[in-house]
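Below is one structure; the comments refer to it alone.
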Protein chains: 2
Amino acid sequence: MDETATSAPAQGRGDDATEPTFATQSEAAYHRIREAIITGQLAPNEKLLLDGLRERFRFGTSPLREALSRLAADRLVIARGQRGFRVAPISEEEYRDIVNMRLLLEPEALQRSIANATLAWEGNVAAAFHRLSRVESALDRAPDDSGGIWEHENQRFHFALVENCGSPWLLNFITALADQAERYRRPAVEMRAVPMERLIQEHKALFDAAMSRNATLAAELLKVHIRNAASHLSKALFHAGDDAAGGQAIEAGNEQA
Amino acid sequence: MDETATSAPAQGRGDDATEPTFATQSEAAYHRIREAIITGQLAPNEKLLLDGLRERFRFGTSPLREALSRLAADRLVIARGQRGFRVAPISEEEYRDIVNMRLLLEPEALQRSIANATLAWEGNVAAAFHRLSRVESALDRAPDDSGGIWEHENQRFHFALVENCGSPWLLNFITALADQAERYRRPAVEMRAVPMERLIQEHKALFDAAMSRNATLAAELLKVHIRNAASHLSKALFHAGDDAAGGQAIEAGNEQA
DNA sequence: ATTCGCAAGAACTTCGATATTTTCGCGGAA
DNA sequence: TTCCGCGAAAATATCGAAGTTCTTGCGAAT
């Protein structure tokens, strides 16, 4: 296999998706490989042979190694001295950890976002919600997120919600976790592990609470949303043939919504 | 200037400080430069000339670039395509952000650590506290943390407290923030900006609360401790000649201890 | 006096080759 | 049969040079 698709200032498509162009090979390689890992084109725990990557992505060794170094710092890749690189493995345990971190960080960020609310931010959230709704209803009728479009819009909606929190570090952590989480979500979505209908409702409720600037309610809804999605996902991915039991310890959870 | 000090399996010193040895030049460079940035040997915002670094640290270009790539992902270095690297700048604004994140994460981690308390963990905390106390009382008499020994033991104590939280991601974030914070703390310590006496008291109280497994109290003490240290530091670094005013918005702060 | 463009120099990136380390498989000894 | 060690093959890590891109300073034109 051989997938070239890096530089060359791609010019206007009807979309708003501005095909990014990178200043260096290293950057291009970083984004390309990162994408491949997140979407699962490079499987968890897969050995990353430099020759293989050179052949497949058409980057030189130096850009590749720099990209892999950055990805190692992001924890998407594991680097072992003199033993090369592999895709970071996934596990139920780490997934629980990630979800718990999201439960800690995202509601907090959402509350701050709402506290700092501006017209521009509301606009962004509304736009993101609108796009997501469109995609969701389409997906509800014909479930198939082939291009990862739902995945993409879902991310953008969630990010728009917290974007206004005013803390670069908080956003940094949240996006790092979102990237990690996507590795688990992708396969689950393809398995239709999460009932789309309920997702749509939760997104709507979340959106309404945010727009009415009810910070505590919005935060609570977000928690419930994350927990709910995670528990479905966890069941589908890690307990395929299990009988009842519930998805283990995902933070005690004071249900109320 | 020229400071070589990297590989070569350094053999036993009386210390417990096992001089780490690295499998690759890249790793050595990463740790060496990281240290230099954190301790301020490389100043905030300083341009990092590849030739300069090669000359100074005696690494080749490739290891250097890989190290800098990783450091960029850690946010200790800023990389601009085709324009090389510089040390990440510092600012009062970012410092506030970092402190607020620590206030969010560390108390949470401490509570979890206590909830998971084991004998081994208690032992580690006690050991770290003991070492810190020794250093602190010495420093209280003759204030001069030349080798950064207090800095080191202070870090170890704080890390020991949260280490048992059971969440690799939480620890990951906490250490990233601690690294960043150290860049601000170092100069402040040298200015004797923080009264050692109060620090000693707070550490003692924190330690006692942790050992008696009073999670909520310990968490609260930790918050107060972080806030207190940060406010002194902020005043010294950013408001040198100011009259009264208070160190701006570092999370509302429900004092009680 | 200011702005613009160009050319020389400096710096960053990337390539290709080499040195080093690890991995794998095979054959011999216990 | 199992274990160990050795050597070949594979893979990683690093170097040094070449190719690009940026930066700087000077001179000409407005």
Side-chain angles (χ1 to χ4, degrees), chain A residues 1-9 20-34 36-37 42-43 45-73 76-88, chain B residues 1-9 20-34 36-37 42-43 45-73 76-88:
Chain A
M1 193 183 288
D2 163 70
E3 8 188 326
T4 306
T6 45
S7 44
T21 176
F22 302 107
T24 67
Q25 296 278 88
S26 291
E27 286 173 35
Y30 170 74
H31 288 286
R32 182 68 190 79
I33 296 178
R34 171 187 205 207
I37 291 174
L42 291 170
N45 212 39
E46 180 176 343
K47 181 78 209 289
L48 294 170
L49 280 269
L50 286 180
D51 287 319
L53 297 177
R54 271 203 3 237
E55 177 67 22
R56 178 167 175 184
F57 296 112
R58 304 287 164 168
F59 289 109
T61 358
S62 318
L64 276 177
R65 289 187 59 87
E66 286 176 29
L68 292 171
S69 298
R70 284 181 66 177
L71 289 166
L76 286 168
V77 156
I78 306 292
R80 296 188 55 193
Q82 303 288 20
R83 241 160 279 191
F85 303 88
R86 47 182 57 231
V87 178
Chain B
M1 192 182 288
D2 163 71
E3 10 187 326
T4 307
T6 45
S7 45
T21 178
F22 303 106
T24 67
Q25 297 277 86
S26 291
E27 286 174 34
Y30 171 74
H31 288 284
R32 183 68 189 80
I33 296 178
R34 171 185 206 227
I37 291 174
L42 292 170
N45 211 39
E46 180 176 343
K47 181 78 211 287
L48 295 171
L49 280 271
L50 269 303
D51 288 318
L53 296 177
R54 273 206 357 241
E55 177 67 22
R56 178 168 177 185
F57 296 114
R58 304 286 162 170
F59 289 109
T61 327
S62 319
L64 277 177
R65 287 186 60 86
E66 285 175 30
L68 293 171
S69 298
R70 285 182 64 178
L71 289 165
L76 286 169
V77 156
I78 306 293
R80 295 187 57 195
Q82 303 290 19
R83 238 159 282 194
F85 303 87
R86 47 182 56 231
V87 178

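Labels below follow one simple rule: chain letters A, B, ... track the order of the sequence lines, proteins then strands, and each chain is numbered from 1.
For the pair Q82(A) and S26(A), nearest-nucleotide mapping onto DNA chain C gives the more 5' position to S26(A). Of the residues near DNA chain C, R80(A) and F85(B), the one whose nearest nucleotide (by heavy atom distance) lies more toward the 5' end is F85(B).
Going from atom CZ of R83(A) over to atom C1' of dA10(D) covers 15 Å, rounded to whole Å. At whole-Å resolution of the value, CZ in R54(B) and P in dT14(D) are 15 Å apart. Atom CD of E55(A) and atom P of dA10(D) are 16 Å apart (whole Å). In this structure, the CG atom of L48(A) is 20 Å from the P atom of dA10(D), given to the nearest Å. Distance CG (L64(B)) to P (dT13(C)): 12 Å, rounded to an integer number of Å. At whole-Å resolution of the value, CG in L49(A) and P in dA9(D) are 18 Å apart. Here the P atom of nucleotide dT22(C) and the CG atom of L50(A) are 16 Å apart, to the nearest Å. One interatomic measurement links the two molecules: CD of E66(A) to C1' of dT13(C), which rounds to 8 Å at whole-angstrom precision.
Within the nucleic acid shown, T24(B) comes within 4.0 Å of sugar-phosphate atoms alone, with no base atom in reach, counting heavy atoms only. The residue L68(B) sits apart from the nucleic acid: no heavy atom pair falls under 4.0 Å.
Closest contact between the side chain of D51(A) and the listed nucleotides dC12(C), dA13(D), dA11(D) involves dA11(D). Among the nucleotides dA13(D), dT14(C), dT23(D), the one closest to the side chain of R65(A) is dA13(D).
In plain terms, the two heavy atoms of F22(A) and E27(A) that are nearest each other are CB-CB, 4.0 Å. Looking at every heavy atom in both residues, R86(A) comes nearest to N45(A) through NH1-O, 2.7 Å.
OP1 or OP2 of dC12(C) has at least one side-chain nitrogen or oxygen of K47(B) nearer than 4.0 Å. Between dC15(D) and Q25(B), a contact under 4.0 Å exists linking OP1 or OP2 to a side-chain N or O.
Side-chain atoms of R70(A) never come within 3.5 Å of backbone atoms of A73(B) as a donor-acceptor pair (strictly under, hydrogens ignored).
With rounding to the nearest 0.5 Å, the separation of CG in L48(A) from CG in L42(A) is 6.0 Å.
Between K47(B) and F85(B) there is no side-chain heavy-atom pair separated by less than 4.5 Å.
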